[in-house]
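Counting starts at 1 for both ligands and their atoms, following the listed order. In what follows, residues are counted from 1 in the order of the sequence shown. As the structure is a computational prediction, the values presented were derived from the model and not from experiment.
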Amino acid sequence: MPATEPIFIKQVILHRLVMRLKNPFSTSFGTFQDKDFFVVEVVDQHGIQGFGESVAFPTPWYTEETVETSAHVMESFLIPLIFQTPLTHPDQVSECFQPVRRNNMAKAAIEGAVWDLFAKKDGVSLAKAIGGTKQKIDVGVSIGIQSSITELLHTIDHHVQEGYKRVKLKIKPSWDTQMLTEVRKHFPKLPLMVDANSAYTLKEIDHLKQLDMFDLQMIEQPLAHDDFIDHARLQSQLVTPICLDESIHTFSNAKTAIALGSCQIINIKLGRVGGITEAKKIHDYCASHSIPVWCGGMLEAGVGRAHSLALASLPQFIFPGDTSASNRYWEKDIIQPEVTMKNGMVQLPEEAGIGYPIDWQALEKYRIDKKVWNNTKN
Ligand code: OSB
Ligand code: MG
């Protein structure tokens, strides 16, 4: 096949799955256990397949998107756009999605599938296709708010025994300094960070300053999801670096945050920023401004997890990610082999594309709906 021959996406299949997490996951916003999402399958004119995963939740607590809005946007707008665009490079996917504002999670699910398809066509791993430089990815574990401190200490201990080298704890105003005092008593040296999912305001600045006592790697998203100014004010009063998650949806958001000093670290999630092309732009900009980044998670199943791991192979992913092993979330993941962790690291696969084949038997077990779109024009 000549290298210049464009790819046409001939078919898109949306597999809708529901998977129950082994343990409920609680944040400052509430508790979550049933993951409802899409595996997006794209097929080109030669029958080569690519896979992506949507990360929107059933309710719009994290961003404005939901499972239903991402279905609507993919079906009514993004699939028609991808069908009419001949592709010579996966960067053209986000370009062809430009008529659609935002809806980044819907975009990322399809864009990721096309990146996987191109990497498979070219016979290279997705990590290599995007310019990744690492073979092993440092991963930590994100622990939700627990019902008691005893239970939390037990959970941390379990994950430390498993080999995770960094622990992220969810916090909120009634679950922070006292909890952290206990954790530090038992784990004085453990690399530790916290994530507030916007549970505080600048009025609580004196309280937030106490977090400096706990030797935290960073404090993730303490203030409002759409704020840059207050985070900059807070950062100027804190020793601990602020990391932004919910505030960063675009390259432009990253520029704003860095220019204003709203954070010293950025959490990049593919779904939140609309896919690999935008994530790479943010990564490169952060690298040129000496801002470390790391890869967050959205409690993904195997396909989304594989994409995140490939992304984290880029050199500026300096802190460990939240992309823990499959067995931290699921009884049985939808990929075979599953993602495994050893000594706090995940070894990247060398096979072409995302490198983790779909376990169709598992996928079909979790599938509640399947819709097929055929490209009849191109
Ligand atoms: O804020 O990083 C977050 C999970 C769902 C939504 C938002 C977040 C999280 C996590 C868990 O912290 C990350 C993971 O283990 O996938
Ligand atoms: Mg977060």
Side-chain angles (χ1 to χ4, degrees), residues 19 21-37 53-67 70 104-105 108 137-146 155-156 159 162 164 166-172 175 192-200 216-227 231 241-249 253 257 263 265-273 293-309 311-312 319-330 333 338-339 341 344 346:
M19 288 171 74
L21 288 164
K22 276 183 176 175
N23 299 298
F25 191 81
S26 296
T27 70
S28 58
F29 268 85
T31 300
F32 177 85
Q33 187 156 25
D34 290 307
K35 174 93 182 162
D36 179 347
F37 66 103
E53 186 176 315
S54 70
V55 297
F57 293 112
T59 64
W61 73 270
Y62 174 79
T63 68
E64 66 278 22
E65 290 182 86
T66 68
V67 180
S70 49
N104 286 346
M105 293 176 178
I137 307 301
D138 288 312
V139 294
V141 63
S142 172
I143 301 178
I145 293 168
Q146 309 283 300
T155 307
I156 296 174
H159 292 304
E162 284 181 305
Y164 288 105
R166 174 285 252 160
V167 166
K168 164 169 139 182
L169 301 174
K170 293 287 187 181
I171 57 166
K172 59 180 179 181
W175 179 263
L192 202 61
M193 59 172 287
V194 293
D195 183 0
N197 292 107
S198 299
Y200 301 87
L216 303 171
Q217 272 183 346
M218 67 192 89
I219 303 172
E220 185 177 340
Q221 199 71 37
L223 308 177
H225 70 96
D226 57 352
D227 168 79
H231 276 114
I242 289 176
C243 167
L244 289 180
D245 173 355
E246 283 91 328
S247 297
I248 308 293
H249 303 266
N253 289 161
C263 65
I265 299 170
I266 289 179
N267 167 341
I268 301 181
K269 291 181 185 171
L270 288 168
R272 169 163 43 70
V273 306
V293 305
W294 58 280
C295 186
M298 294 286 281
L299 310 168
E300 287 91 344
V303 171
R305 190 162 304 282
H307 278 91
S308 293
L309 289 165
L311 179 71
F319 286 97
D322 276 346
T323 42
S324 323
S326 298
N327 72 357
R328 182 255 180 289
Y329 307 87
W330 316 113
D333 205 342
E338 300 194 339
V339 173
M341 176 277 301
V346 174

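Here the CE atom belonging to Met105 is positioned 6.0 Å from the OH atom belonging to Tyr62, to the nearest 0.5 angstrom. To the nearest 0.5 angstrom, Ile143 atom CD1 is 12.5 Å from Asp195 atom CG. For the atom pair Leu299 CG and Tyr329 OH, the distance stands at 6.0 Å (nearest 0.5 Å).
Ion pair Arg166/Asp322 flagged as a salt bridge, since at least one NZ, NE, NH1 or NH2 atom sits closer than 4.0 Å to an Asp/Glu carboxylate oxygen.
In terms of protein heavy-atom proximity, atom 5 (C) of ligand 1 is nearest to Phe57 CZ, 3.5 Å. When only non-hydrogen protein atoms are considered, atom 13 (C) of ligand 1 lies nearest to Gly297 O, 3.4 Å. For atom 1 (O) of ligand 1, the closest heavy atom belonging to the protein is Asn197 ND2, 2.8 Å. Among all protein heavy atoms, the one lying closest to atom 14 (C) of ligand 1 is Tyr329 OH, 3.4 Å.
Checking side-chain atoms of Gln146 against main-chain N and O of Gly144 turns up a donor-acceptor pair under 3.5 Å. With Thr66 contributing its side chain and Thr59 its backbone, the two residues share no donor-acceptor pair below 3.5 Å.
A cation-pi arrangement, defined by a distance under 6.0 Å to the six-membered ring centre and an angle within 45 degrees of its axis, is absent between Arg328 and Tyr164.
Residues passing the ring pair (Phe, Tyr, Trp, His ring centres under 6.0 Å) test with Phe25, sequence neighbours excluded: none.
Atoms of ligand 1 lying under 4.0 Å from any heavy atom of Lys170, numbered from 1 in the order shown and given with element: 1 (O), 2 (O), 3 (C), 8 (C), 9 (C), 10 (C), 12 (O). Set against the non-hydrogen atoms of Asp322, the atoms of ligand 1 under 4.0 Å away are 12 (O), 13 (C), 14 (C), 15 (O). Residue Trp61 approaches ligand 1 through these ligand atoms, each under 4.0 Å from one of its heavy atoms: 6 (C), 7 (C). Heavy-atom contacts of Asp245 reach the following atoms of ligand 1: 1 (O), 2 (O), 3 (C) (cutoff under 4.0 Å). Of all atoms in ligand 1, numbered sequentially from 1 with element shown, those under 4.0 Å from a heavy atom of Glu220 are 2 (O).
Listed by chain and number, Asp195 OD2, Glu220 OE2, Asp245 OD2 are the protein N/O/S atoms closer than 2.8 Å to the Mg ion (ligand 2), with waters left out.
The nearest pair of heavy atoms linking Glu300 to Ser308 is OE2-OG, 4.0 Å. A pairwise comparison of heavy atoms in Asp226 and Ser247 identifies N-OG, 4.4 Å as the closest pair. Shortest non-hydrogen contact noted between Ile266 and Cys263 is CG1-SG, 3.7 Å.
Residue contacts with ligand 1 include Phe25, since one or more of its heavy atoms lies under 4.0 Å from the ligand.
Tested against Glu220 for a side chain to side chain contact (heavy atoms under 4.5 Å, CB included), the candidates Val194, Ile171, Asp245 yield a single pass: Asp245.
Here atom 2 (O) of ligand 1 lies nearest to Lys168 when heavy atoms of Met298, Lys35, Lys168 are compared.
Residue Leu299 has at least one N or O atom closer than 3.5 Å to an N or O atom of ligand 1. An N or O contact shorter than 3.5 Å links Lys269 to ligand 1 by distance. Any N or O atom pair closer than 3.5 Å counts here, and Ser142 shares at least one such pair with ligand 1.
Under 4.0 Å from ligand 1, the heavy atoms of Asp195 that appear belong solely to its side chain.
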Check the pair Met19, Phe37 against side-chain contact (heavy atoms from CB on, under 4.5 Å), reporting the backbone distance first and the verdict last.
-> CA-CA 9 Å; Met19 288 171 74; Phe37 66 103; 3.7 Å; yes
